[in-house]
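Reviewing the structure listed below.
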Amino acid sequence: MATLTWLGHSAFRLDSDRGKRIYVDPFLTGNPKTPEAERVPERVDVIAITHGHGDHVGDAVELSKRFPDAEIVCQVELKGWLGRKGANVGEVPGLNKGGTERVGDLFFTLTHAQHSSSSDEGEYLGEACGFVIRLEDGVPVYFAGDTCMFGDMRLIAHLYEPQLAVLPIGDHFTMGPQEAAIALELLGKPRCVPCHWGTFPVLTGTPEALAALAEDVDVEIIEPGATIEI
């Protein structure tokens, strides 16, 4: 059975049905919420990155150097920049919104998000995105990335029917609990794992606040290092 482990902030380890290990937004070094035992991955098959901010790119370049066979899945401008930074990006160009890349029996579709995307030095790195990852048994998992709520989440529900939605709720840089509750309505009320909260003082949204606003949604209230079954 596939599992999802929260590594703090927006970093996740997704272990697929057939044992593929996917790191999403691998901000591990410097992440105050990443458990010590999770800071040095033992195996990486795919690195999926929603946008270019440092708290999402994180350790992607270093992980690519350690695991050169790991496929990097992200937007085209970001993938090119990662290559210039020394990541092993291979020959396949990055995706853009609406595009799907197959990695083995996994499918990664890039979706819209409402946010910015740049390096720590201010370089343009395309636009912020989300992912729908379809696992080997067909289960779709939606990682919204950093975003506010937007009406076309209804189309994401229509097209991909996500069974699990990973949503930012911290407020300030992304939507807070009130917007996230509406986002869940637009997405068809899937089970939800909140993220991008509690890492820094400015991120004030809480999963308890979201659960109170989305009473008929299964909101997973977990701590960094916890694993849920998908």
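This structure is a prediction, so every number in the text was calculated from the model and none was measured. Side chains are part of it too, since the values below use all heavy atoms of this structure and drop only hydrogens, waters and symmetry mates.
The shortest distance between side-chain heavy atoms of H53 and F173 does not fall below 4.5 Å. Within the 4.5 Å cutoff, the side chain of L164 has no heavy atoms near those of the P190 side chain. Looking only at side-chain heavy atoms (C-beta outward), V44 and R21 stay at 4.5 Å or farther from each other. Inter-residue side-chain proximity for W81 and E123 is flagged as met; some heavy-atom pair is nearer than 4.5 Å.
There is a path of hydrophobic side-chain contacts, each under 4.5 Å, that joins V193 to Y142. Hydrophobic clustering, with ILVMFWY side chains joined whenever heavy atoms are under 4.5 angstrom apart, groups L187 together with M175. If you chain together hydrophobic residues whose side chains sit under 4.5 Å apart, I49 and L4 never meet in one group. In the hydrophobic cluster analysis, where Ile, Leu, Val, Met, Phe, Trp and Tyr join through side-chain heavy atoms closer than 4.5 angstrom, F131 is grouped together with V139. Residues Y160 and L184 share a single hydrophobic cluster, defined by chaining ILVMFWY side chains whose heavy atoms lie under 4.5 Å apart.
Of all heavy-atom pairs between I47 and A60, the closest is CD1-O, 3.9 Å. Of all heavy-atom pairs spanning A113 and A144, the tightest one is CB-O, 3.9 Å. Across A48 and P26, no two heavy atoms sit closer than the pair O-CD, 4.4 Å.
Just one of Q114, H115, K97 meets the side chain to side chain donor-acceptor pair (under 3.5 Å) condition when paired with E127; it is K97.
Summarising the geometry, atom CG belonging to L167 is positioned 9.5 Å from atom OG1 belonging to T147; distances are rounded to the nearest 0.5 Å. Note: D55 CG to S10 OG = 7.0 Å, rounded to the nearest 0.5 Å. Rounding to the nearest 0.5 Å gives a distance of 4.5 Å between SG of C195 and CZ of F12. The CH2 atom of W197 sits 6.5 Å away from the CD1 atom of I169 when rounded to the nearest 0.5 Å. Taking CG of L186 as the reference point, atom CZ of F150 lies at 9.0 Å (rounded to 0.5 Å). Atom CG of residue D17 and atom CD1 of residue I230 lie 8.0 Å apart, to the nearest 0.5 angstrom.
Between the side chain of T34 and the main chain of L7, a donor-acceptor pair closer than 3.5 Å is present. Of the possible polar contacts, none joining the R134 side chain to the D105 backbone as a donor-acceptor pair under 3.5 Å is found. D218 contributes no side-chain N or O that, together with a main-chain N or O of R191, makes up a donor-acceptor pair within less than 3.5 Å.
Checking D152 against H112 by side-chain atom types alone, no donor-acceptor pair falls below 3.5 Å. In the model, D171 has no side-chain atom that pairs as donor or acceptor with a side-chain atom of T204 under 3.5 Å. Side-chain contact annotation: T3 with E229, donor-acceptor N/O pair under 3.5 Å absent. With no hydrogens or angles considered, no side-chain donor-acceptor pair links S117 and H51 at under 3.5 Å.
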For this session: Dump the intermediate steps for side chain to side chain contact (heavy atoms under 4.5 Å, CB included) on K33 and W6, then the final yes or no.
Result: CA-CA 10 Å; K33 295 296 184 178; W6 187 32; over 6 Å; no
For this session: Any chance you could lay out the side chain to side chain contact (heavy atoms under 4.5 Å, CB included) test for L14 and L135, step after step, and finish with the verdict?
Result: CA-CA 10 Å; L14 174 60; L135 302 174; 4.0 Å; yes
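Residue pairs meeting the salt bridge (charged side-chain N to carboxylate O under 4.0 Å, His left out) criterion with at least one member in residues 59-77, sequence neighbours excluded: E71-K79.
For F27 and H56, the distance between ring centers is not under 6.0 angstrom.
Within 6.0 Å of CZ on R43 lie more than 12 heavy atoms contributed by other residues, nucleotides or ligands. Heavy-atom contacts from other residues, nucleotides or ligands closer than 6.0 Å to CD of E121 number more than 12.
Ion pairing between D15 and K20 fails under the 4.0 Å rule for side-chain N and carboxylate O.
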